[in-house]
Amino acid sequence: MRTRSIGLSLFATAAIVVAACTGGGTPAPATPAPVTPAPVTPAPATPEPKVWKIGVVTDVGTLDDKNFNQFSWEGAQKGAAAIGGEATAIVTVASADYDKNVQSFVDQKFDIIVTIGFALADATAKAAKLNPTVQFIGVDQAPCLTGAGDPDPTFTDCSGDMATLLPNFQGLVFAEQEPGYLAGIAAASITTKKVIGAIGGAAFIPPVVRYIKGYINGAHSVDPTIQVKVAYVSDDLGKAFNDPAGGKAFATQFIQQNGVDVLFQVAGKTGNGVLAAACDANIYGVGVDVDQHESTPETAKCTVTSAEKKLSIAVEQAIMRVGDGSAKGGIIGNDAKNDGIGLSKYYEFESMFSSDAQAKIQAAFDGFKAGTTDPCAPANCTDPFE
Amino acid sequence: MTGSEHVAAPALEMRGITKRYPGVLANDRIDLDVRPGEIHGLLGENGAGKSTLMNILYGLAVPDEGAVLLDGQEVQIDSPADAIRRGISMVHQHFMLVPVLSVADNILLGEETMANAIFLDRTEAHRRIDELAQRFGFEIDPEAPVGSLSVGSQQRVEILKALYREARILVLDEPTAVLTPQETKEIFAVLRRLAQEGHSIVFISHKLYEVLEIADRITVIRRGRVVGTTTPAETDEEQLAEMMVGREVQLTVDRGESSPGEAVLKVDNLVVRNERGRETVHRVSFEVRAGEILGVAGVAGNGQDELVGAITGLRRVASGTVTLGGSDVTGHSPRAMHEAGLAHVPGDRHRFGMVMSFPLTDNLVLTDYYRAPFARGPVRDEAAVAEAAIGLIERFDVRTPSPFAAGSTLSGGNQQKLVVAREFSGDVRLLVLDQPTRGLDVGSIEFIHRQALAKRDGGTAILLVSAELDEVLELSDRIAVMYRGEIVAVVDGRTAVKEDIGLLMATGGRDRDGSPATGPGPASTTGSVA
Amino acid sequence: MTGPAGEPTNQPVPPAEEAEAVEAADGARAASALRRAWALVVVPLGAVILAMLVGSIVILASQVFIGVEIDPTLPLVAYWAMISGGLGSFNGIVETMVQATPLVLAGLAVGVGFKAGLFNIGAQGQFLMGALAAAYVGGQLRDQPALVAVSLAVAAGAFGGLVYGFIPGALKALTGAHEVVTTIMLNFVAISISSYFVSGPLRAPRSPFAQTLDVGNAELIVLFGRNGHVGIFFALLAVPIIWWLLWRAKLGFEIRTVGANPDAARFAGMRPRRLIALTMALCGMLAGLAGSGEILGRVGHLTAPYATNVGFDAITVALLGRANPVGILFSALLLGMMKAGAGQMQIQAGIPVEIVDVIQGLILLFLAAEIIVRRLFRIREARVGLEELATVTRSYGERSA
């Protein structure tokens, strides 16, 4: 009987493995196996022998999401290489597991723990308070702390000063208005109809508003007569940031009604649908947060550039600050000054951007650095409906 | 018959077969030999060890001792596939057929005749099936879906399947249990033809008269041992029954005199529809009195199921009334009926009568689990359940190793006894018996019949519905004949003539020429009714 | 090979069971019970072992794809890290229990359904609705005394799940709509409902993110370790309660009868339709309790979207536990251990966390393909199947009870 013989051979295999399991004594590989997905070579020239153990806790998702998780992870790996250490990741699979996953690294005596995404802010702050000797880096995190240094999940008492209360916690935030401004210049440079648009996920999310207000100001810095049409998808966060199909439908209607020829998405995965609608309508799209020409290849054909938070650089720098002992806790703004933001490459659209346009973008960037250009003027960066 | 003077090596010989299961000696040095061209009857009560023996023959069990010889050669049969390769085929009581596939496809299943590596050779397969069918006088359309065939025809498909696999030894397990008398006659003709062609047949049954009619020799097994091997000429039903059961068995119980009281069940102009909404019981009226048995005779499918369903509360009543003990219970729930004094031995004990996976104890209180003494408030009283169950098991002689064994571990007869024990106990005003002895051996039948009569004599009104005309004739004080959803006649049970009732069942008494002659003709097929 | 001889009418007496019963009669009931328990456990155990073995092949193969040098001991490293992460320390054990808590409750929600012949795939939705209700009530009562806040929030979670379980139960009872279909669809509805409420009406006023108010005093107190909250005891308590309900209470007898044979249940005077609705409500309540435990004991608020897989893991738990409350407890602990140790496995072996899902999937596969397990391990014990699973599959597309 065929089944029986297959069964026999499988059983034999099983028996061998079982024997291997039991016969080999207690399998106690107490030494951390150096088999991280992407092995990091410690810098050979490091004078001190310390090998930094760097743990990364992702948000729910995967490590290779071509988005926050992936770029932060890359930054952690680069940072590890720079200061002589190893980076290891735990991927979160359930919303209830943030604390647990952070704790896993604490238990394993990691030196630096990087947590990715605002959802982990509270878990990170709690762990930072409990483990003052461990350095924490939170990507996109600005927790609300009480005077005692505890996170306040109700956001009523945010009187605590993170820098003094949690000196071991760097909360990395980004000046979204700056890349938004750059994206505005870029959009204004390529529009022919003088009508451009931006679609935000939800109007009550401050970073979204900052992106969009910067975008408006940037466009108007090129040509004050340009019309910038703005719309927000929904107050329901699921629809606002996690609904590509809904975003596509929303954007299709938006494009028809407003006749824009460049469209900036600030709506997460919903925004991926916005870009798809732009491609379908044969207009240009501008991506957000990461280089979407690369991260969402299906809409690369119309994504001229993206307003980028340089997650990788920000994380790498934060780790390096720990490495050289210069790290201070608190909210760390990432902006043009530390190359924490920027505009992505243009790829095949390079030729569309005249040298004049590119010069303007560079000038604005330099202006941010020098503090001479204010991305939040004339339109302020707080009121979405001004 | 093909004579019994074969002296050649037996086609099949099982020698000293012993099979032990922990605590049970299922087969104890059993010897069985079947000659070429012989029909060998294998008789035994449920649980006597017939199935174990046949499982060994079919490669489903390995004997602890003893040998199996085919044509004098000792063989070891590892699996059913191996058994089939060696020419042994088994036809089960419950057919192993796929209803939606055609006859031909069912026959081919597992024994595909291939034209090449990928495609079946249907033409060749059909040719062989036709040839076989013709040779043995089967009338079967190879293209008909098996689900559309009558039970008798399905059985022929099973046999055809065995023949297609070139079986030399055919084991038929209770082949007639589901057949009508006419179909039984037809299958017997087929079996005789097969024997003439040299096939050996093991015919398992507990219908004594059938074995006497068809078998060349008969081996009787009791409690794992061969009691004896005999021939029909040397024995009779009484003797066989005694060999099977180990004591003298009365094949017909004496029903005695009845003294009916007032009417307990009144059915008035009852109309019932089946699942598909078709009216299957048309304005039926009758009554059953205390202390009498009203038998309902009829060919299966003439509305008896629906009638019983409506009376017991399992089916919706379309119109008409059911009165139990003077109060209108039309459309009441099964529980309300039960509380009004109705007990019901359902026709399909597997579907309704018991929960196979449950222990005997739970099964014995299935209808009373919810009230004292078996439950107090929301809590069951396991001790009370066990106590009552042990009492019932003893009183009704349910053969089980333990009151906590699952219902599925019982033999069919004991399962039915279990249902009977539950339904017959307690204060019953109306007892509905639906096919109470279907598929049971003589000992169990006798037992249940006695219990029913005792219940009647105790003043219970009994409605007996049975497809076994002999049973109805034997027990009923009055007999109602059901035909196409109507009661076409009610006759006195003591003076009723079997042939007359049979005619009524077949034609409804409307002088239509019902094709299957109900009169069974030769007296040899009867046996119970004088 | 159930074989033709397995037909249950005439002489079904499957030898092993017969033998087993005989022994009981001989007074060796303890041995018989032990043997029964072994027969119950042996296949799930085999499935787990096989899943780990095949999982180790997957681990080895994954190295090839990553392109690193193949380390044949990696599966051992990974499993050892997982086990020591889940059981190797006091905190690990506590974490295992914390992880197992919702799995026990949701596993019971699926398992009780099995007992009634219902395949409750909706534990996920019931979990979410319980979480939503608990988060809402907990948030509202955040400043009330803890006892009041906790008990009302837990009750709300239970009620939320109950209502959400009752819906498919009632649909099945009234219209015959199969619960597999309705509960799957209701899972999606639950995601939308909770996401709407969390980012709309129930959104914490000042929060920049979509989450409900923190539950404040409604938080379940931590009794031991870092996060050993009192919900662990609720789950542990639920096991004997459900066991008692199923095996000692009238209702449980009715549920089991409907599950094993709906026709016989009707014959016995039970009301299968009502019982189906009731059982689904009970299942929903258990899943809702799981949801409230997560919110009140671990997270403190509900977010949108809320990532969880408890409702589906519960199906694995229930099947692995053979729908038996005690079995479910142990299965939940096993999966809880895997989840608790997953972090350490990722740290020490660098194995992607998905291997946990792979093993879980393999366990289900081997449970479904029981014959493979039986063949490989030469298991001779009688099949102690879930009778009710037959009802589950049979009822698909057939008339409701």
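Atoms considered below: every heavy atom in the structure, side chains included; atoms not considered: hydrogens, waters and symmetry mates. Lettering of chains follows the sequences in order, A, B, ..., and the numbering in each one begins at 1.
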**Prompt:** Between B/Ala375, B/Pro334, B/Pro403, which residue shows the highest count of heavy-atom pairs closer than 4.5 Å to chain C?
**Reply:** B/Pro334
**Message:** Can a side-chain donor-acceptor contact be found between B/Tyr370 and C/Glu254 if the only test is distance below 3.5 angstrom?
**Reply:** no
**Asked** What heavy-atom pair brings B/Pro63 and B/Ile17 nearest, and what distance separates the two atoms?
**Response** CB-CG2, 4.1 Å
**Prompt:** If you count heavy-atom pairs under 4.5 Å with chain C, which of B/Lys19, B/Arg380, B/Glu339 comes out on top?
**Reply:** B/Arg380
**Prompt:** Of the backbone (N, CA, C, O) and the side chain (C-beta and beyond), which part of B/Arg376 lies under 4.5 Å from a heavy atom of chain C, both, or neither?
**Reply:** neither
**Message:** Which one wins on heavy-atom pair count under 4.5 Å against chain B: C/Met270, C/Lys250, C/Arg271?
**Reply:** C/Lys250
**Item:** Residues of residues 359-368 of chain B within contact distance of chain C, non-hydrogen under 4.5 Å
**Value:** B/Asp362, B/Leu366, B/Thr367
**Message:** Restricting to side-chain contact (heavy atoms from CB on, under 4.5 Å), what partner residues turn up for B/His332, sequence neighbours left out?
**Reply:** B/Val329, B/Ala336, B/Met337
**Prompt:** Is the B/Phe374 to B/Tyr369 ring centre distance short of 6.0 Å?
**Reply:** no
**Prompt:** What residue in C/Ala265, C/Ala249, C/Gly252 has the most heavy-atom pairs under 4.5 Å with chain B?
**Reply:** C/Ala249
**Message:** Distance check, rounded to the nearest 0.5 Å: C/Leu275 atom CG versus C/Leu282 atom CG?
**Reply:** 11.0 Å
**Prompt:** Residues two or more places apart in sequence or in another chain: which of them pass side-chain contact (heavy atoms from CB on, under 4.5 Å) with C/Arg248?
**Reply:** B/Glu382, C/Trp243, C/Trp244
**Request:** To the nearest 0.5 angstrom, please state how far the OG1 atom of B/Thr18 sits from the CD1 atom of B/Ile56.
**Result:** 8.5 Å
**Results of salt bridge (charged side-chain N to carboxylate O under 4.0 Å, His left out) for B/Arg223 - residues two or more places apart only** = none
